[in-house]
Amino acid sequence: GQQVMQIPQYQHVQEGEDFTTYCNSSTTLSNIQWYKQRPGGHPVFLIQLVKSGEVKKQKRLTFQFGEAKKNSSLHITATQTTDVGTYFCAGPGTGGSQGNLIFGKGTKLSVKP
Amino acid sequence: DVKVTQSSRYLVKRTGEKVFLECVQDMDHENMFWYRQDPGLGLRLIYFSYDVKMKEKGDIPEGYSVSREKKERFSLILESASTNQTSMYLCASSQGLAGEQFFGPGTRLTVL
């Protein structure tokens, strides 16, 4: 079935280092969404990318959607302790999953001060 | 401000008990979802609903049922709780197909 895969599963960085998480879909996506879940919290929507090759920035966060619309990345420049959490990507389901979002398993980021 | 609320943050039940988890959204969203979240397994979809009285099975519906009698409310029912249903349960709602999902705070259920 349709899959969305994320790597790495865990990432430990020193504060100030950069961080990147990668998302790959088994199918072409009409769009991709990114969510952040703080420790003890719930997933919160960050952004949606729709166009092939699209790049969007939110302060220190840069989101990219691949040209083939099958992969995406989230890059954080100069991480801070407030960036700690799990980052999920999600793409629209197809076939029997149409209307749903298929979530990756997430990348858990820890930041050492 | 959009809001999804869940009836309990923490719940402890005994094996075999019937458990009700309630979710309410105030955004008039058509779509509602129940997920469970376990370490290393990400978010797994249990059931979802596109409209009142409609329900569809997700990836792991076994041992669960749902009810959606009103647009704003989506209930998850564990007919006979088992220890392997100990988990974090997250409710979400969205408008439109595969739209941005708004999550509730979650219910951490422990089945003893």
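These numbers come from the heavy atoms of this one structure, side chains and all, not from hydrogens, waters or symmetry mates. Residue numbering restarts at 1 for every chain, and letters A, B, ... go by the order of the sequence lines.
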S.K.: Please look at B/Gln37 and chain A and tell me whether the side chain, the backbone, both or neither of the residue comes under 4.5 angstrom of a heavy atom of that chain.
M.R.: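 Contact with chain A involves the side chain of B/Gln37 alone.
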
S.K.: Distance from B/Glu100 atom CD to A/Ile47 atom CD1, nearest 0.5 Å?
M.R.: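 One gets 11.0 Å once the value is rounded to the nearest 0.5 Å.
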
S.K.: Should A/Leu61 and A/Val84 be regarded as members of a common hydrophobic cluster, given that ILVMFWY residues are connected when their side-chain heavy atoms come within less than 4.5 Å of each other, either directly or indirectly?
M.R.: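 Hydrophobic grouping puts A/Leu61 with A/Val84.
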
S.K.: Determine, using the 4.5 Å side-chain heavy-atom cutoff (strictly less than), whether A/Phe45 and A/Phe88 are members of one ILVMFWY cluster.
M.R.: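 The answer is yes; both residues are in one hydrophobic cluster.
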
S.K.: Give the member of B/Ser94, B/Ala98, B/Gly40 that has the highest number of heavy-atom pairs under 4.5 Å with chain A.
M.R.: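 Option with the greatest count: B/Ala98.
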
S.K.: May I ask whether B/Leu109 and B/Leu41 are part of the same hydrophobic cluster, defined by side-chain heavy atoms of I, L, V, M, F, W, Y residues being less than 4.5 angstrom apart, directly or through others?
M.R.: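 Different clusters.
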
S.K.: Hey, is CZ on B/Arg44 packed in by over 12 heavy atoms from elsewhere, all under 6.0 Å?
M.R.: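 Counting other residues, nucleotides and ligands, CZ of B/Arg44 exceeds 12 neighbours.
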
S.K.: With respect to chain A, which residue among B/Gly58, B/Gly96, B/Gly99 yields the maximal number of heavy-atom pairs within a distance under 4.5 Å?
M.R.: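 Option with the top pair count is B/Gly99.
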
S.K.: What part of A/Gln6 lies closer than 4.5 angstrom to a heavy atom of chain B: side chain, backbone, both or neither?
M.R.: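 No part of it gets close to chain B.
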
S.K.: Test side-chain contact (heavy atoms from CB on, under 4.5 Å) on B/Phe103 and A/Gln37; report intermediate values, then the result.
M.R.: CA-CA 10 Å; B/Phe103 285 83; A/Gln37 183 176 21; over 6 Å; no

S.K.: With hydrophobic residues grouped by side-chain heavy-atom distances under 4.5 Å, do A/Leu49 and A/Leu46 end up in a single group?
M.R.: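 Shared cluster, yes.
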
S.K.: Mind checking the CG-CZ spacing from A/Leu101 to B/Phe48? Nearest 0.5 Å is all I need.
M.R.: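 Reported value, rounded in 0.5 Å steps: 11.0 Å.
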
S.K.: Under a 4.5 Å side-chain heavy-atom rule over Ile, Leu, Val, Met, Phe, Trp and Tyr, are B/Tyr47 and B/Leu43 clustered together?
M.R.: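 Per the 4.5 Å side-chain linkage, B/Tyr47 and B/Leu43 are not co-clustered.
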
S.K.: Might you confirm whether atom NZ of A/Lys108 has over 12 heavy atoms from other residues, nucleotides or ligands at distances under 6.0 Å?
M.R.: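 Open.
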
S.K.: How far apart are the closest heavy atoms of B/Leu90 and A/His42, and which atoms are they?
M.R.: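 Nearest heavy atoms, B/Leu90 then A/His42: CD2-CB, 4.0 Å.
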
S.K.: To the closest 0.5 Å, what do you measure between CG (B/Leu45) and CD1 (A/Ile102)?
M.R.: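 With rounding to 0.5 Å, CG (B/Leu45) is 7.5 Å from CD1 (A/Ile102).
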
